[in-house]
Amino acid sequence: MADLSSSARKVQVALEARGFSFEIQELDKSTRTAAEAATAIGCEVAQIAKSILFRGKESGRAVLVIASGVNRVDEKAVAALLGEKLGKADADFVRAETGFVIGGVPPVGHDKPIETFIDEDILAFDAIWAAAGTPFAVFRLDPHSLAALTGGRVARVGLPPS
Ligand code: 5CA
């Protein structure tokens, strides 16, 4: 913990505050994208929990989708659950809403509460990995903890590659 960068430490504190003992690891290889993270860790890309931010088109509120690394987010499915169409989030919006930079956005520990959806495909694995605040930090967790950890709703919000 003492060795973690300040952004990773914020995530470690948030995990502990929710009663989880998952340990953040800072690697010397980039984990900025799901593919890079899988290579650095030595796991399947599908085992990477991507945190993708959207912006409600009318409300402007942030919406987080945690998806399996191989899937695309089914924006129509998320919009239907939300009752609002989705717009894109740019890098500044991501930073302002979460407190983290793209490539390091974690599933928890954001500066503001964010409505969250969890891609049900991520539950197929015994272990998954999520970003932990920087493009070099990750933590390993069991996917069934994601809902309790984030307060998110598990739903069919991922589109597998064809
Ligand atoms: N650290 C890895 C997972 S361990 C990670 O954060 N992967 S990610 O997929 O969740 O984050 C990268 C995502 O950020 C991309 O899938 C993409 O949706 C988003 N992104 C990348 N560049 C931009 C950009 N310029 N503007 C908005 N979103 C972007």
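Each ligand, and each atom within it, is numbered from 1 in the order the structure gives. All values reported here derive from a predicted model rather than from experimental measurement.
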Protein residue, atom and distance nearest to [atom], heavy-atom basis:
atom                    : answer
atom 22 (N) of ligand 1 : Ile102 CG2, 3.8 Å
atom 17 (C) of ligand 1 : Ile52 CD1, 4.3 Å
atom 2 (C) of ligand 1  : Thr31 O, 3.1 Å

Is there any N or O on [X] that sits under 3.5 Å from an N or O of ligand 1?
X      : answer
Asp90  : no
Val138 : no
Ser51  : yes

message: I need the contact type for Ala89 against ligand 1. Using non-hydrogen atoms and a strict under-4.0 Å cut-off, is it side chain, backbone, both or neither?
response: backbone
- request: Using a 4.0 Å heavy-atom cut-off, say whether Arg32 meets ligand 1 through its side chain, its backbone, both or neither.
  value: backbone
For the residue pair [Y] / [X], report whether a side-chain donor-acceptor contact shorter than 3.5 Å exists.
X      : Y      : answer
Ser145 : Asp142 : yes
Ser30  : Glu36  : yes
Ser21  : Glu16  : no

- prompt: Applying side chain to side chain donor-acceptor pair (under 3.5 Å), which residue pairs with at least one partner in residues 40-52 are found, sequence neighbours left out?
  reply: none
